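First the structure, in the form of C-alpha cells, and then the observations on it.
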Amino acid sequence: METANHIILFDGTCNFCNFWVGFVIKRDAKNVFRFASLQSVIGQELRMKYQVSSGLDSVVLIKNNKVYIKSNAALEIIKQLNGLWFLFYGFKIIPIFIRDWFYDVVAKHRYKWFGQQVCEIAPKTEFMHKFL
C-alpha cells in the first residue's frame, strides 16, 4: 500500500476540519496520510483529476485511486489510526443514508459551532512533509 495514495482533502477555512487534520496527524503512526485543503491549487487539481464535484463541501479521502466522501471518508480514515480508534469503523454497519445524515448536520453547522478562519491551516515544521 503506497502512502502517496492516501490523500485527505479538507476545508482549510473550517476550524473543525483543521482540528480533524491535527487529530489524524497525531494518530497516523503508519504515516499513510497526506493532506491538501480543498481551496489549494493541488486540492483543486485533485478534485478535477478524480471528478469530485466543486460543490462538494466535505472531507474527501483519495485512497488507492478511489474517492471516499462524507461518513465513508471519515470511517476509512479512522480505520487507519493508531490506538483503538479503528473500533469506530464498526459504524460502517449503519446504513450510509443515516451516517451521512448525521455527517451533513455537523457539516452544515460547523462554521457556526466551531468557527471559521481566513487562512488555511499552517502546519508545524515537523508535519510539513504531510501537506501537498
Side-chain angles (χ1 to χ4, degrees):
M1 189 177 325
E2 282 187 30
T3 60
N5 288 336
H6 292 71
I7 301 169
I8 297 173
L9 302 178
F10 64 98
D11 180 351
T13 64
C14 169
N15 285 337
F16 180 72
C17 302
N18 288 322
F19 166 80
W20 171 249
V21 167
F23 178 88
V24 172
I25 287 173
K26 289 177 185 173
R27 290 156 183 83
D28 182 19
K30 297 175 190 169
N31 197 31
V32 297
F33 294 111
R34 298 296 175 263
F35 304 87
S37 76
L38 291 165
Q39 296 85 357
S40 69
V41 172
I42 189 79
Q44 293 298 312
E45 289 172 357
L46 288 167
R47 273 184 181 224
M48 288 177 52
K49 179 179 178 181
Y50 290 96
Q51 300 175 351
V52 175
S53 168
S54 61
L56 182 67
D57 193 13
S58 169
V59 65
V60 177
L61 172 65
I62 302 168
K63 178 180 172 186
N64 300 325
N65 292 315
K66 184 173 180 185
V67 175
Y68 300 86
I69 61 170
K70 297 186 179 188
S71 65
N72 278 337
L75 290 174
E76 286 295 321
I77 292 166
I78 215 158
K79 181 170 71 169
Q80 297 289 325
L81 299 182
N82 193 29
L84 297 177
W85 295 104
F86 72 91
L87 294 174
F88 284 98
Y89 190 74
F91 285 119
K92 190 85 170 176
I93 65 170
I94 297 171
I96 192 167
F97 73 92
I98 295 172
R99 287 186 281 124
D100 280 351
W101 181 86
F102 282 103
Y103 183 98
D104 289 339
V105 167
V106 173
K108 180 179 179 181
H109 299 287
R110 71 185 186 273
Y111 293 143
K112 183 170 57 171
W113 294 344
F114 304 103
Q116 187 175 8
Q117 59 189 32
V118 177
C119 61
E120 294 180 33
I121 187 171
K124 293 181 181 177
T125 305
E126 71 233 55
F127 301 125
M128 287 295 287
H129 69 282
K130 293 187 155 287
F131 290 81
L132 304 176

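Position 1 is the first residue of the sequence, and the numbers go up from there. Everything quoted here is computed from the prediction, not taken from an experiment.
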Check your understanding: Looking at side-chain heavy atoms only, is the closest gap between Val60 and Tyr50 below 4.5 Å?
Key -> no
Exercise for review: On the 0 to 90° scale, with breaks at 30° and 60°, tag the Phe88-Trp85 ring pair as parallel, tilted or perpendicular.
Suggested key: parallel
Practice item. Step through the shown structure and confirm whether more than 12 heavy atoms of other residues, nucleotides or ligands are within 6.0 Å of NZ on Lys49. Key: no
Check your understanding: Looking at CG of Leu61 and CD1 of Ile78, how far apart are the two atoms once the value is rounded to the nearest 0.5 Å?
Key -> 12.5 Å
Point to revise | Test log, rule side chain to side chain contact (heavy atoms under 4.5 Å, CB included), inputs Ile7 and Lys63 | key: CA-CA 7 Å; Ile7 301 169; Lys63 178 180 172 186; over 6 Å; no
Exercise for review: Give, for atom NZ of Lys30 and atom CG of Leu81, the distance between the pair rounded to the nearest 0.5 Å.
Suggested key: 9.0 Å
Exercise for review: Look at the aromatic rings of Phe23 and Phe19 and report parallel, tilted or perpendicular, splitting at 30° and 60°.
Suggested key: tilted
Check residues 93-104 and write down every donor-acceptor pair under 3.5 Å in which the side-chain atom is one partner and the other belongs to a residue at least two apart or another chain.
{"residue": "Arg99", "atom": "NE", "partner": "Ile94", "partner atom": "O", "Å": "2.8"}
{"residue": "Arg99", "atom": "NH1", "partner": "Ser71", "partner atom": "OG", "Å": "3.0"}
{"residue": "Arg99", "atom": "NH1", "partner": "Asn72", "partner atom": "OD1", "Å": "2.9"}
{"residue": "Arg99", "atom": "NH2", "partner": "Asn72", "partner atom": "OD1", "Å": "3.4"}
{"residue": "Asp100", "atom": "OD1", "partner": "Ser71", "partner atom": "N", "Å": "3.1"}
{"residue": "Asp100", "atom": "OD1", "partner": "Ser71", "partner atom": "OG", "Å": "2.6"}
{"residue": "Tyr103", "atom": "OH", "partner": "Ser58", "partner atom": "OG", "Å": "3.1"}
{"residue": "Tyr103", "atom": "OH", "partner": "Val59", "partner atom": "N", "Å": "2.9"}
{"residue": "Asp104", "atom": "OD1", "partner": "Lys70", "partner atom": "NZ", "Å": "3.0"}
{"residue": "Asp104", "atom": "OD2", "partner": "Lys70", "partner atom": "NZ", "Å": "3.2"}

Practice item. Take Gln39 and Asp11 through the side chain to side chain contact (heavy atoms under 4.5 Å, CB included) test and state the conclusion after the steps. Key: CA-CA 7 Å; Gln39 296 85 357; Asp11 180 351; 2.7 Å; yes
Practice item. Starting at CD1 of Ile62, measure out to CD1 of Ile69 and round the result to the nearest 0.5 Å. Key: 12.0 Å
Practice item. Could you identify which residues cluster with Leu87, counting Ile, Leu, Val, Met, Phe, Trp and Tyr as linked when any side-chain heavy atoms lie under 4.5 Å apart, either directly or through a chain of such contacts? Key: Leu84, Phe86
Review point. Okay, side chain of Asp28, backbone of Phe33: is any donor-acceptor separation there less than 3.5 Å?
Key: yes
Review point. So, does Arg47 use its side chain to make a donor-acceptor pair with the main chain of Ser53 at under 3.5 Å?
Key: yes
Exercise for review: Step by step, work out the side chain to side chain contact (heavy atoms under 4.5 Å, CB included) result for Ile77 and Trp20.
Suggested key: CA-CA 11 Å; Ile77 292 166; Trp20 171 249; 3.9 Å; yes
Review point. Out of curiosity, Leu75 CG to Tyr89 OH, how far, rounded to the nearest 0.5 Å?
Key: 7.0 Å
Review point. What's in the same ILVMFWY side-chain cluster as Met48, cut-off under 4.5 Å, chained through other members?
Key: none
